[in-house]
Amino acid sequence: MNLLYNSTRNSDIAVTASEAILKGLAADGGLFVPERIPKLDVTMDQLKGMSYQETAYAVMKQFLTDFTEEELKHCIDSAYDSKFDTEVIAPLVKVEDTYHLELFHGATIAFKDMALSILPHLLTTAAKKNHVTNEIVILTATSGDTGKAALAGFADVPGTKIIVFYPKGGVSRVQELQMVTQKGENTSVVAIHGNFDNAQSGVKEIFEDAGFAKELADAGYQFSSANSINIGRLVPQVVYYVYAYAKLLENEEIASGEAINVTVPTGNFGNILAAYYAKQMGVPIAKLICASNENKVLFDFFRTGVYDKNREFILTSSPSMDILISSNLERLIYTIAGQDAEKTADLMVQLREKGSYEITPEMRERLADFEGGFATEEETKEAIHDTFAKTGYVMDTHTAVAAYVCAQYRKESGDGRKCLVASTASPYKFIHSVMTAIDEKYASADEFDLVDELSRISGTEIPKAIEEIRNADIRHTRECDAAEMKQAVREILGV
Ligand SMILES: *Cc1c(COP(=O)(O)O)cnc(C)c1O
């Protein structure tokens, strides 16, 4: 049966999966959501024996119903190949009493690769299916990891151009170097004077500007998004939760039907929403634990039912979670509002106009699957330090936020269910913060000198992504004010 996608702000808008992927965002500024979450049509017993690629097909075919088997399998096989440094794609590592699902074995060593290595293939397939002749321009705002993963995914993909905006001073040195050294004739990188929310709002404004879209269409271009507002990002992320559960079962870590908890270090709410979708597809997940850093707007939301972004924006050691407007939360709001687009649109107007909104008591009741927690900078460091001291395992700062929140939840709730932690980045990517947490003596060291030291103390190989940027040339130096993003796009495209 064909599954359609509605806008969270207008249920009359209903498009196919390929159209939703092409558009990225609905014309009314809403996000595309599947009209219902499909169930898995294979059993856990069948899933147990499947490879990552086979699992991806079993999950994604349920969502992307207008893709043929051949098309979808081609996308999957082109994405999950030797770009990953392990055949299992997403390994599970048991660290004390939790299971770390390592999602950082792709080209840019953060979990964004899980979706962004397949999105270009989904998008170019969708363009063909819909007879699009325009060149597709990917516009992306990044808090650090999406940008590089999207650049790597789209570099030199025929029929596409990609423009990435990142907050100057708001990303780690490794992240910045990864982006500004990006090769590919169709890639552009712009540093904006502002924070991630400014970059994200700027991109959304450009998307919603119908006049600009018309102008671009006349010049043979159309926009799409590689941000997690694109459903083509979200669907591939559901896969690894299904896969992880099946592997826990296969390895006899859990019994058949046993429910587990999942803790996700959260920024834009994409990754944890994918876990929620996996639960609705039929994976036995009890609690979805949303872990925030000191920008704990989501923690406050789950505790009070009030979403309030009017607060200081804090730069932390987990920059990919330094976000005050979690875009994907809109999809959850729509669900708990009983798929009421009018209600959702109204709350989003309040968010835009006064920076806050409050959900109703009925909506709060539907949030029972979620728990919120947060870790301060000090607690994040402590988690990295103590885990290394006890086990020799080195976590990155984002994963450490989740590991801390997971342990704290277990202690406070007495909930003894086994817990999966989404491990979202390699420690090499945030090496300065990670090494300083392990030992203060590294505080004054150069990031690149620390690479060999981390390899030595953790017994892990230096990832290719790090070796590559050590000597690469800087190719992108463009900067602009947050208010000038549209002008930057004009200059890059020559329109
Ligand atoms: C993007 C990112 C996150 C946050 O994920 P969301 O889907 O935006 O909630 C967490 N950790 C790392 C390393 C990331 O790159």
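Ligands are counted one by one from 1 in listed order, and the atoms in each one are counted from 1 as well. Predicted model only: the values in this text are computed from it and were never measured.
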Any donor-acceptor N/O pair, S326 side chain to N268 backbone, under 3.5 Å
no
For K343, what residues pass the side-chain hydrogen bond (donor to acceptor under 3.5 Å, both in side chains) criterion, not counting sequence neighbours?
none
Quick one: are E453 and D449 in side-chain contact, heavy atoms under 4.5 Å?
no
What does the N/O contact table under 3.5 Å look like for ligand 1?
| unit_1 | atom_1 | unit_2 | atom_2 | d |
| --- | --- | --- | --- | --- |
| ligand 1 | 7 (O) | G270 | N | 3.2 |
| ligand 1 | 7 (O) | N271 | N | 2.9 |
| ligand 1 | 8 (O) | N268 | N | 2.7 |
| ligand 1 | 9 (O) | G267 | N | 2.8 |
| ligand 1 | 9 (O) | N268 | N | 3.2 |
| ligand 1 | 9 (O) | F269 | N | 3.0 |
| ligand 1 | 11 (N) | T424 | OG1 | 2.8 |
| ligand 1 | 15 (O) | K112 | NZ | 2.5 |
| ligand 1 | 15 (O) | D145 | OD2 | 2.4 |

Does T187 have any side-chain contact (heavy atoms from CB on, under 4.5 Å) partners at least two apart in sequence or in another chain, and if so, which?
L151, A155, I162, Q182, R475, H476
Test side chain to side chain contact (heavy atoms under 4.5 Å, CB included) applied to R331 and F269, Y277, Y276, the passing residue:
Y277
For E440, give me all partners under salt bridge (Lys or Arg N to Asp or Glu O under 4.0 Å), at least two apart in sequence or on another chain.
K381
